[in-house]
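Take a look at the structure set out below.
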Amino acid sequence: MSVIINNNEAQPARAQIDPRSYEDLLIIAATIREIAGDRAQADIGIICGSGLGGLGNLIPGFPPLHVPGHKGIMLFGRIAGHRVVCLQGRFHPYEYNMNLALCALPVRVIHQFGVRTLLVSNAAGGINPNFQYGDLMLIKDHIFLPGLAGMSPLVGINDDRFGARFVSVHDSYDRSFRKLALDVATNQGIRVFEGIYVMCGGPQYESPAEVSLFKTVGADALGMSTCHEVTVARQCGIKVLGMSLITNIANLDADNSVEVSHEEVLQAASENGARAAQFVKGILEKLPLA
Ligand SMILES: O=P(O)(O)O[C@@H]1C[C@H](O)[C@@H](CO)O1
């Protein structure tokens with residue numbers, strides 16, 4: 001049976017969480033265990049991007065979602081025999097004063113519940129000229145702009161219980177997972193590409209000149225999330241599969257006013273979310289059980 005923890009209803013036990021405190025992490029995990037009991041165990045974590053919370057509907061017993069967006073729900077259940085924890089919603093750094101350690105904390109929390117594989121998704125603007133609205137992009141590598149600018153979730157005094165001080169992010173997006181996912185895409189006959197995701201700070205969307213800059217450096221899609229979560233996942237030793245749903249085509253031309261809005265992003269995610277969910281289901285069906 002699945003279990004739902006709704007962060008919107010939870011009473012904060014402490015006014016302030018220190019995301020760099022291992023003791024605070026243990027308190028958060030214990031609080032969730034108090035609610036979920038033995039069901040707070042999972043091998044695979046799923047983080048749902050904007051409007052992609054419907055991925056949680058893959059878990060039998062969970063009521064359907066009616067409002068797209070970020071729900072603030074943690075859901076334990078099974079998909080294709082795997083023990084899964086699904087985070088319907090994420091903390092975006094622009095919401096929390098660019099406190100990236102805080103925003104990546106859910107990854108450390110689900111690691112406490114046993115997660116060793118993470119499937120992370122996001123909504124993104126397409127830069128690659130071959131991309132169309134509604135395409136899926138498997139993240140092959142990333143450009144973590146806030147991280148490069150000193151806002152890594154790993155800055156500050158490191159508690160070794162979180163993992164190594166210096167973390168290699170080569171092969172962050174596991175090659176064998178990407179190959180498996182591409183095979184699933186071929187079987188399902190859906191448009192899935194591999195590409196490079198750039199994480200911007202947001203919340204403003206990027207100017208045409210900024211989009212052009214990212215195109216020049218080889219980025220295929222851009223968004224405002226994911227890289228901080230993946231960086232922490234790699235520190236914990238979690239293997240990652242990342243994917244972007246292309247919800248809009250980023251505008252490269254300053255003389256052409258193509259505006260993007262979050263409503264448009266959510267609309268695109270709701271129009272294409274069912275296909276993304278089927279893709280995720282197909283991947284989970286092929287992934288060996290832990
Ligand atoms: O959580 P994700 O990365 O899917 O959210 C994207 C990026 C911004 O938060 C928002 C912009 O519309 O959607």
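All values below come from the heavy atoms of this structure, side chains included, with hydrogens, waters and symmetry mates left out. Predicted, not measured: the structure shown is a model, and the values here were computed from it. Counting starts at 1 for both ligands and their atoms, in listed order.
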- Message: Tell me whether Arg178 forms a cation-pi arrangement with Tyr173, defined as NZ or CZ under 6.0 Å from the six-membered ring centre and within 45 degrees of its axis.
- Response: no
- Is there a nitrogen or oxygen of His262 sitting under 3.5 Å from a nitrogen or oxygen of ligand 1? yes
- Query: Stepwise, does the salt bridge (Lys or Arg N to Asp or Glu O under 4.0 Å) test hold for Glu194 with Lys179?
  - Reply: CA-CA 10 Å; Glu194 285 189 296; Lys179 181 171 179 328; over 6 Å; no
- Going by distance only, is there an N or O of Ala123 that falls short of 3.5 Å from an N or O of ligand 1? yes
- Query: What atoms of ligand 1 come within less than 4.0 Å of a heavy atom belonging to Tyr94?
  - Reply: 8 (C), 9 (O)
- Task: Answer with side chain, backbone, both or neither: which part of Val265 has a heavy atom less than 4.0 angstrom from an atom of ligand 1?
- Result: side chain
- Side chains of Val109 and Met74: closer than 4.5 Å at any heavy-atom pair? yes
- Note on the structure: dist Ser21:OG -> Ile157:CD1 (nearest 0.5 Å) comes out at 12.0 Å
- Pick, from Ser50, Pro203, Gly202, the option with the minimum heavy-atom distance to atom 13 (O) of ligand 1. Ser50
- Determine the minimum heavy-atom distance between Arg108 and Val232, stating which atoms define it. CG-CG1, 3.6 Å
- Is a salt bridge present between Arg161 and Glu23, judged by a nitrogen-to-oxygen distance below 4.0 Å? yes
- Item | Flag if over 12 foreign heavy atoms under 6.0 Å of CG, Asn130 | yes
- Task: Heavy-atom contacts with His92 under 4.0 Å: which atoms of ligand 1 show up? List them by number with element.
- Result: 1 (O), 2 (P), 5 (O), 9 (O)
- Note on the structure: In ligand 1, the atoms that come under 4.0 Å of a heavy atom of Asn122 are 3 (O), 4 (O)
- Note on the structure: Under 4.0 Å from one or more heavy atoms of Arg90, ligand 1 contributes atoms 1 (O), 2 (P), 3 (O), 4 (O)
- Ligand-residue contact atoms, ligand 1 with Tyr205, heavy atoms, under 4.0 Å: 11 (C), 12 (O)
